[in-house]
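It should be emphasised that the depicted structure is a prediction, and the values quoted were computed from it without experimental measurement. We name chains A, B, ... by the order of the sequence lines, and we start the count at 1 in each one.
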Protein chains: 2
Amino acid sequence: MRHDSRLSRMLHVLIHMDRHDGSITSDNIAKMLNTNPVVVRRTMAGLRNAGYVRSDKGHGGGWILARPLEEISLLDVHQALGRPEMFAIGIAIDHPDCLVEQSVNAALTDAFDAAEQMLLSRFAEVTLSDIARDFDLRFRNLTERPARTV
Amino acid sequence: MRHDSRLSRMLHVLIHMDRHDGSITSDNIAKMLNTNPVVVRRTMAGLRNAGYVRSDKGHGGGWILARPLEEISLLDVHQALGRPEMFAIGIAIDHPDCLVEQSVNAALTDAFDAAEQMLLSRFAEVTLSDIARDFDLRFRNLTERPARTV
DNA sequence: AGTCATGTAACTTATTCTATTACGTATCAT
DNA sequence: ATGATACGTAATAGAATAAGTTACATGACT
């Protein structure tokens with residue numbers, strides 16, 4: 001199955017933006033993520049619409065954080081990306097009238113709904129500043145052998 | 001993202017097999033699931049290897065339950081299918097050396113691992129006989145307006 | 001005016017689940 | 001024995017979709 005990696009990538013970008021003075025262009029972000037600037041704009045558009053980043057055109061333009069990391073949770077980013085489907089396992093709906101299928105799907109839906117609720121509430125509890133703090137920790141633990149921060 | 005519907009389909013089939021005298025051919029199962037007999041054999045192969053069903057060749061052959069529904073949990077079926085990936089959201093690994101990426105991925109992995117654990121333990125608690133019981137309930141509730149059981 | 005940067009539609013590519021084809025093997029009925 | 005039935009499986013094709021690319025428009029700064 002193909003994974004949607006936008007959440008991971010956007011978190012990565014947002015934290016880099018926080019550690020960066022001024023704005024960053026889509027081109028630079030694209031290089032950072034090994035992807036294409038158009039993909040960056042497309043994905044960041046959701047974050048902009050939700051008010052977490054701002055984009056400016058022209059000289060000196062690019063992307064800049066519109067809110068502090070403390071005020072952005074994983075859930076916020078997930079929702080800004082359009083609440084993409086979380087599960088790779090789905091229910092079959094070939095025979096919606098079949099009571100066996102209904103029972104099977106009810107059991108599966110119950111389980112997946114509960115897991116999704118758990119994930120979402122966990123996402124709500126973690127802010128980007130939490131992740132940034134974890135980064136600082138890792139950074140301090142590796143001062144003798146610096147790692148890339150791209 | 002594309003959903004893996006094998007779990008849902010196999011549960012559906014197993015319960016029908018329990019309510020069916022004798023064996024069922026891959027052709028019949030395929031019609032039941034709106035799919036192809038080769039797909040059925042391929043998917044059921046996992047269940048056979050795990051000992052939940054048996055397959056017989058030749059006249060009168062086909063598939064038959066090898067164990068009672070009480071002894072098959074959702075987790076058993078999931079594992080028999082090869083423990084397919086559960087989440088449609090994944091982490092980016094473009095820069096494994098980047099500490100920011102590491103922190104982001106650690107946060108996401110924590111959350112997804114916890115959700116997966118929860119799902120698996122829930123799967124372990126539900127047996128196919130539980131689902132069959134739910135089916136019986138739905139069936140009784142609809143005697144005045146029979147529904148398809150295909 | 002010219003350059004830089006985003007906005008977005010349209011199209012292509014890559015990946016992967018599903019479906020199909022083709023052929024092999026085992027079993028049963030006659 | 002022999003033909004029909006049914007599974008086993010490799011190889012290939014199809015379909016859905018996330019990601020990548022091209023092309024062009026719009027806005028902003030110098």
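- Between B:Arg133 and B:Asp136 there is no salt bridge, since none of the side-chain N atoms of the basic residue sits less than 4.0 Å from a carboxylate O of the acidic one.
- One side chain, A:Trp63 or A:Ser26, offers a donor N or O that lies under 3.5 Å from an acceptor on the other.
- Listed here is the closest heavy atom pair of A:Leu14 and A:Leu69: O-CD2, 4.0 Å.
- There is a side-chain donor-acceptor pair under 3.5 Å between B:Asn105 and A:Ser8.
- Both A:Ser55 and B:His59 sit near DNA chain C, but only A:Ser55 has its closest nucleotide nearer the 5' end.
- Straight-line distance from the CD1 atom of B:Ile29 to the P atom of D:dG8: 11 Å, rounded to whole Å.
- For A:Leu33 and D:dG20, the CG to C1' distance is 13 Å, given to the nearest whole Å.
- Nearest-nucleotide mapping onto DNA chain D: of A:Ser5 and B:Gly61, the residue sitting toward the 5' end is B:Gly61.
- Straight-line distance from the CG atom of A:Asp4 to the P atom of D:dG20: 11 Å, rounded to whole Å.
- Residue A:Arg54 is out of contact with every strand shown, counting any heavy-atom pair closer than 4.0 Å.
- Between the side chains of B:Arg9 and B:Thr43, not a single donor N or O lies within less than 3.5 Å of an accepting N or O.
- The CG-C1' distance, from B:Asp56 to D:dA4, rounds to 17 Å in whole Å.
- A heavy-atom distance below 4.0 Å to DNA chain C is reached by these residues of residues 34-44 of chain B, ordered by number: B:Asn34, B:Thr35, B:Asn36, B:Val38, B:Val39, B:Arg42.
- When rounded to the nearest whole Å, the span between CG of B:Asn49 and P of D:dC7 equals 15 Å.
- Distance CD (B:Glu85) to P (C:dT15): 17 Å, rounded to an integer number of Å.
- Whole-Å rounding puts the A:Asp27 CG to C:dT6 P distance at 7 Å.
- Taking all atoms of both residues into account, the shortest heavy-atom contact from B:Ile15 to B:Leu128 is CD1-O, 4.1 Å.
- Each of A:Arg48 and B:Lys57 was assigned the nucleotide of DNA chain C with the nearest heavy atom; the assignment lying further toward the 5' end belongs to A:Arg48.
- Within a 6.0 Å sphere centred on CZ of A:Arg19, heavy atoms belonging to other residues, nucleotides or ligands number more than 12.
- Here D:dT5 presents its P atom at 13 Å from CG of B:Asn28, a figure rounded to the nearest Å.
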